[in-house]
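Keep in mind the model is a prediction, meaning the values are calculated, not measured.
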Amino acid sequence: MLTDELTPERIAELRSMTPEQKWRAAERLYWDVRRTKAVELHTEHPDWSEQEVQAEVRRVFLAEAMKQS
């Protein structure tokens with residue numbers, strides 16, 4: 001979806017989504033970004049355990065959320 005161009009048809013499709021559909025799409029995007037961050041951390045720190053990677057993902061996302069408040 002990130003590589004899709006925002007054509008007039010795509011914009012119309014997005015505008016026609018129900019609030020629930022928009023919420024689910026946003027939720028999928030959120031979890032996709034968290035998974036991508038975990039992969040990045042695994043690549044940067046191959047010696048880290050899965051628990052360490054997930055702890056760092058939580059820390060990064062919490063820090064970002066705190067900046068937004």
Side-chain angles (χ1 to χ4, degrees):
M1 183 152 124
L2 292 177
T3 60
D4 289 348
E5 291 187 35
L6 284 178
T7 63
E9 295 81 15
R10 181 65 178 140
I11 292 170
E13 180 184 328
L14 292 170
R15 286 186 176 150
S16 70
M17 291 171 69
T18 66
E20 181 180 357
Q21 289 170 320
K22 291 175 184 177
W23 180 257
R24 289 182 189 274
E27 185 179 27
R28 280 191 309 271
L29 181 59
Y30 172 79
W31 289 108
D32 286 347
V33 171
R34 284 185 69 115
R35 281 189 291 276
T36 300
K37 184 63 178 175
V39 168
E40 177 187 333
L41 289 168
H42 274 295
T43 302
E44 291 176 5
H45 305 282
D47 56 316
W48 285 9
S49 69
E50 182 62 25
Q51 291 79 16
E52 290 170 309
V53 168
Q54 291 305 318
E56 181 63 8
V57 169
R58 283 189 299 276
R59 187 197 67 75
V60 166
F61 277 76
L62 180 59
E64 193 59 34
M66 296 303 287
K67 282 194 235 177
Q68 303 300 319
S69 329

(message) Test salt bridge (Lys or Arg N to Asp or Glu O under 4.0 Å) on R24 and E27; report intermediate values, then the result.
(response) CA-CA 5 Å; R24 289 182 189 274; E27 185 179 27; 5.5 Å; no
Could you measure the distance from the [atom1] atom of [X] to the [atom2] atom of [Y]? Nearest 0.5 Å is fine.
X   : Y   : atom1 : atom2 : result
E52 : L41 : CD    : CG    : 11.0 Å
E40 : R35 : CD    : CZ    : 15.0 Å
E56 : H42 : CD    : NE2   : 12.0 Å

(message) Between L62 and R58, is the side chain to side chain contact (heavy atoms under 4.5 Å, CB included) condition met? List the steps.
(response) CA-CA 6 Å; L62 180 59; R58 283 189 299 276; 6.0 Å; no
(message) Which heavy atom of Q21 sits nearest to which heavy atom of S16, and what is that distance?
(response)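 The pair with the smallest heavy-atom distance is OE1-O, 4.4 Å.
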(message) Within the 4.5 Å heavy-atom criterion, are R10 and L14 side-chain neighbours or not?
(response)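 Side-chain contact under 4.5 Å: yes.
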(request) Can you establish whether the number of heavy atoms outside W48 located under 6.0 Å from its atom CH2 is more than 12? (result)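 Correct, the count exceeds 12.
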Do [X] and [Y] share a hydrophobic cluster (ILVMFWY, side-chain heavy atoms under 4.5 Å, transitive)?
X   : Y   : value
V60 : V39 : no
F61 : M66 : no
L29 : W23 : no

